[in-house]
Protein chains: 2
Amino acid sequence: MNSKDPPFGHSPLPGSASPEICTKSAFVLSLLGDKWSVRVIVRLSAGTLRFNEIKRLVGGISQRVLTSTLRNLEREGLVHRTVHPTVPPRVEYQLSDLGRSLWTVVYPLGEWAAEHMNEIHAARARFDQAR
Amino acid sequence: MNSKDPPFGHSPLPGSASPEICTKSAFVLSLLGDKWSVRVIVRLSAGTLRFNEIKRLVGGISQRVLTSTLRNLEREGLVHRTVHPTVPPRVEYQLSDLGRSLWTVVYPLGEWAAEHMNEIHAARARFDQAR
DNA sequence: CTGTATCCTCGTTGATACTG
DNA sequence: CAGTATCAACGAGGATACAG
């Protein structure tokens, strides 16, 4: 995810009217669809945190992957990273304005999930049992 | 993605107040965060489509992966699959009520992307060039 | 037309050890 | 404390061929 940008810039189909939304929704999902980004953002939505605080709060994430996840979020401009040149080093992470703005539109997905999680699990049970 | 459910049912951290939202947003993203689900849903949001119509409209997806994607969406209860036992076979796909409901909350992400895509690309450019 | 069945490649994740 | 460096494992995704 770090290395090369996904192929989302490709031109809309010629003669096609509306596929704007497709590309753009998929683009946002490609930013957050990985395993950890949202979980990190949720924690940062509560305020500034240090590396190991995030690690503890998120839980189950390795140092290496958390580093990578935070770098991605920083690269997309969703998270700010502040290094205090002390010893031992102190690095603080916080959501940028852009990150907070994104959060306001991602949050409703959590609410939707809360309302419909049971329906999804019911559908899964039906589907799986039908085989 | 078909085989086993992601580990999202795990208990909220003991003594922690709010991490509900985390788990649930991440759950929805785990449904749609793969490479093709949203692109398929967008097309189906316009109406009923046959297998190869989706394949053509989405573009760049292989038969095997489209089949898998549609099976997942069907399993989650987001898409209905109707088989007409004719020859040659005719299979129609459409969003379920649940799928349409989800779409209303995913759509705003596309709008957000449309507004802020430039900021993200600017942030990327700044970040990449700083190395 | 609508899928299955294989095979293969690549990226993401994870575990572990080491550094400033 | 906050990373970087390796290495191993796994799964998603793609190419191709075949089937009902």
Side-chain angles (χ1 to χ4, degrees), chain A residues 1-8 10 26 29-40 43-44 48-75 79-94 127 131, chain B residues 1-8 10 26 29-40 43-44 48-76 79-94 131:
Chain A
M1 188 166 145
N2 228 332
S3 39
K4 49 187 220 308
D5 304 346
F8 280 129
H10 59 45
L29 270 315
S30 78
L31 300 181
L32 306 178
D34 67 302
K35 192 170 176 181
W36 298 108
S37 290
V38 175
R39 296 158 191 262
V40 169
R43 298 307 179 161
L44 289 177
T48 301
L49 291 173
R50 298 180 60 177
F51 185 88
N52 275 332
E53 291 175 329
I54 302 174
K55 187 170 186 308
R56 266 191 307 276
L57 286 169
V58 168
I61 189 173
S62 68
Q63 273 189 352
R64 182 188 163 285
V65 173
L66 178 55
T67 301
S68 157
T69 301
L70 287 167
R71 284 289 180 287
N72 285 330
L73 295 174
E74 188 194 357
R75 177 172 182 257
V79 161
H80 282 318
R81 178 173 176 269
T82 315
V83 182
H84 299 86
T86 61
V87 45
R90 174 187 191 85
V91 181
E92 291 183 331
Y93 294 90
Q94 54 185 312
F127 186 94
R131 336 277 102 202
Chain B
M1 189 165 141
N2 231 330
S3 40
K4 47 186 220 306
D5 302 346
F8 281 128
H10 59 45
L29 270 314
S30 80
L31 301 181
L32 306 179
D34 67 300
K35 192 170 174 181
W36 298 106
S37 289
V38 175
R39 297 159 190 260
V40 170
R43 298 305 179 160
L44 289 177
T48 300
L49 291 173
R50 299 181 59 178
F51 186 87
N52 273 333
E53 290 175 329
I54 302 174
K55 186 171 187 308
R56 265 191 307 276
L57 285 169
V58 168
I61 189 173
S62 68
Q63 273 190 353
R64 182 188 162 284
V65 173
L66 178 55
T67 300
S68 158
T69 301
L70 287 167
R71 283 291 180 286
N72 285 329
L73 296 174
E74 188 193 359
R75 179 173 182 255
E76 321 294 0
V79 161
H80 281 320
R81 177 172 177 270
T82 315
V83 182
H84 299 86
T86 61
V87 44
R90 174 188 189 86
V91 182
E92 292 182 330
Y93 293 91
Q94 55 186 311
R131 339 274 101 204

> If you check every side-chain atom of Gln63(A), which of dT4(D), dG14(D), dG3(C) has the closest atom?
Replying inline: dT4(D)

> To the side chain of Val91(B), which of dC1(D), dG13(D), dT2(C) is closest?
Replying inline: dT2(C)

[N] OP1/OP2 closer than 4.0 Å to side-chain N/O of [X]:
X	N	value
Tyr93(A)	dC1(D)	no
Arg50(A)	dC1(D)	no
Lys55(A)	dA2(D)	no
Arg71(A)	dT4(D)	yes
Arg56(A)	dA2(D)	no

Atom [atom1] in [X], atom [atom2] in [Y]: separation rounded to 0.5 Å?
X	Y	atom1	atom2	result
Ile54(A)	Arg56(A)	CD1	CZ	10.5 Å
Asp34(B)	Leu73(B)	CG	CG	7.5 Å
Glu74(A)	Leu70(A)	CD	CG	8.5 Å

How close or far is atom [atom2] of [N] from atom [atom1] of [X], stated in whole angstroms?
X	N	atom1	atom2	answer
His84(B)	dT2(C)	NE2	P	11 Å
Ile61(B)	dG3(C)	CD1	P	13 Å
Trp36(A)	dT13(C)	CH2	P	9 Å
Asp34(A)	dG11(D)	CG	C1'	15 Å
Leu66(B)	dA15(D)	CG	P	14 Å
Lys35(A)	dG11(C)	NZ	C1'	14 Å
Phe51(A)	dG20(C)	CZ	P	18 Å
Glu92(B)	dC1(C)	CD	P	14 Å

>> Checking the side chain of Thr69(A) only, and the main-chain atoms of Val65(A) only, is there a donor and an acceptor separated by less than 3.5 Å?
In response: yes

>> Within the 4.0 Å heavy-atom criterion, would you say Asn52(B) contacts the bases, only the backbone, or no part of the nucleic acid?
In response: base

> Pick the nucleotide of DNA chain C nearest each of Thr69(A) and Pro88(A); which residue has the one closer to the 5' end?
Replying inline: Thr69(A)

> If each of Pro89(B) and Val65(B) is mapped to the nucleotide of DNA chain D with the nearest heavy atom, which maps nearer the 5' terminus, i.e. the 5' end?
Replying inline: Val65(B)

> Looking at dT6(D), does its base get a donor-acceptor pair with the side chain of Arg64(A) below 3.5 Å?
Replying inline: yes

> Do Val58(B) and Leu66(B) have side-chain heavy atoms sitting under 4.5 Å apart?
Replying inline: no

